[in-house]
Amino acid sequence: MSPSFGREHRLRQRRDVARVFQHGQRLETPLFSFRILPKEEPTARLLVVAGRRLGGAVARNRVKRAVREGFRLNKDVFDHMDAVVIPRPGAARLRPGELSERLIEEFREVRDGQRNAAHQRGLRAEES
RNA sequence: GGAGACGGCCAGGGGGCCGCGGGGGAAACCCUGAGGAAGGUCCGGACUCCGCCGGGCAGGCUGCUCGGGGCAAUCCGAGAGGGGGCGACCCCUGGAAAGUGCCACAGAGAAGAGACCGCCAACGGCCCAUCUCGGGCGCGGGCAAGGGUGAAACGGUGGGGUAAGAGCCCACCGCCGGGGCCGCGAGGCUCCCGGGCAUGGCAAACCCCAGCCGGAGCAAGGCCAAAUAGGGAGGCGGUUGAGGAUGGCCCGUCCGAUGCCUCCGGGUAGGCCGCCUAGAUGAAUGGCCCUCCACGACAGAAUCCGGCCUACGGCCCUCUCCCUCA
RNA sequence: GGGGACGUGGUCUAGGCUGGACUAGGACACCGGAUUGUCACUCCGGAGACCGCGGGUUCAAAUCCCGUCGUCCCCG
């Protein structure tokens, strides 16, 4: 997998974004809020929402770039997904490299937690 | 060494790896890619539409002088007057004898006003004394120096003068008007004459004067154009004229029930142009490492340009004041 | 990106145009007291604001002027 990040990896259309917000799964971590929509197509697509709560234009740009950098270097984590990442205000206080690492760490953590919970729900369903 | 003042400059550099926007190319690849404030949106202009606009009112902006640049906003230089600072230096700026309005509280009196305390006893009055000189009261009155009020009290200081006083008179200072001289001018000199002085403050109160300004804004505006709904759009002629185009109002102007002619279009999602030698439209400049003493501050273009204001790191030139040493 | 409005006790607001005893007023909320067996209602009394912030004009600023910060609304 090449570590590139072109247009094909960006969530651009209004209707695509609306679909992720309406039907996507919502995952919360300390620094981010995720909206994840699984799909057939393998190409991962990303959208970063950096609101005014993060600070001025410079701070918001810095956060967006850090999130995109983390996504770019670990795109395999998001295969078969459309993802919207909404950083929380605390994210603006971290240095960019650190923020990129935390993105992947926190997403893996919450994804695995969801997977285990789903697995356990499946077991309980079998028992009943 | 420490406090400042003025003016100017820079906005991390170099290397490696992985990436992003735009342009070119068949491809490899090459070129290019944020700021001095890009910011706040406070002014002005270009540009576009409002059938663009013609007149007036209203409204807005600017405001010492001269010169220069600019379409304008406004900037630069040299000066004038007033104020602040020990100083380098900085700040302010049309008109208050065109009119209207306001000047609370305090105070006797707040604009050509006024007498609370006070001062006086010349004049009138009353009382005592009386040969005469006189003495007293402060009633009518005279005065505005001193006290007191206030942000501000209708020239200041000194002398003469007086019953006490007062520009009442005089000297100096200040003020006003005129002349003269200097300066393109704002103004200056105080050489001469006149006036004893009249003319308080506020126009970031209304206002007056001079100059400038039509309104809205690129989400302006134009083009292509699914689904759905469904008949309109343009031009010409034209009687009354509600109503409308108009922007805050008035006038003017134009449109306007209808007739004739022509055309098939209008428009949402979406896309394109506008949009640029940065030129995006989920919107591009970044991440990591090494090094240079050093993380550097404020901060990220969205139609473009000129100015104003605000935020902020560092360096340099010149200058001022203080301390210490020689 | 562009256009506009508003900041006054804990909350909602009046006053601002025409500056001055405005010690900034009112309602709700709060505190104390009275009433009641108790609570509510009602009555009496009380506290609470550097008028978003910083400059300027003026003798004097919540009010006028400039700058700045914040909140909200409208235009695709």
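Chain A is the first sequence line, chain B the second, and so forth, proteins listed ahead of strands; every chain is numbered from 1. From a predicted model like this one, the values you see are computed outputs, not experimental measurements.
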Which value, in whole Å, describes the distance between the C1' atoms of nucleotides B:rU310 and C:rG55?
14 Å
I want to check one thing: is the phosphate of B:rA284, taken as OP1 and OP2, less than 4.0 Å away from some side-chain N or O of A:R65?
no
Sorted by number, residues from residues 97-106 of chain A placing a heavy atom under 4.0 Å from RNA chain B are A:G97
Contacts to RNA chain B from residues 80-95 of chain A, heavy-atom cutoff under 4.0 Å, which residues?
A:R95
Base of B:rC20 paired with side chain of A:R68 (donor-acceptor, under 3.5 Å)
no
When the C1' atoms of B:rG194 and B:rC105 are considered, how many whole Å apart are they?
45 Å
Measure CG/A:L47 against P/B:rU281 and give the value in whole Å, please.
15 Å
According to side chain to side chain donor-acceptor pair (under 3.5 Å), does anything in residues 84-95 of chain A pair up with another residue at least two apart or in another chain? List the pairs.
A:E28-A:R88
Pairs where residues 56-68 of chain A contributes a residue and the test salt bridge (charged side-chain N to carboxylate O under 4.0 Å, His left out) is met, not counting sequence neighbours:
none
Filter on ring pair (Phe, Tyr, Trp, His ring centres under 6.0 Å), then keep only pairs touching residues 81-100 of chain A, sequence neighbours left out; what's left?
none
Tell me which nucleotide, if any, is Watson-Crick or G-U wobble paired with B:rU258 when both distances must be under 3.5 Å.
none
Near-ring test A:F107/A:F32, centroid separation under 6.0 angstrom
no
Atom pair distance, as rounded to whole Å: NZ in A:K64 and P in B:rG300
12 Å
Nearest-angstrom distance, C1' atom, B:rC64 to B:rA80
7 Å
Between A:V58 and A:P96, who's closer to the 5' end of RNA chain B by nearest nucleotide?
A:P96
Between A:F71 and A:H9, how do the two ring planes meet: parallel, tilted or perpendicular, split at 30° and 60°?
perpendicular
Can you name the salt bridge (charged side-chain N to carboxylate O under 4.0 Å, His left out) partners of A:R111, sequence neighbours left out?
none
Separation of atom CG in A:N74 from atom P in B:rC18, rounded to whole Å
17 Å
Can you check the distance between B:rG19 and B:rA284, where both ends of the measurement are the C1' atom (answer in whole Å)?
12 Å
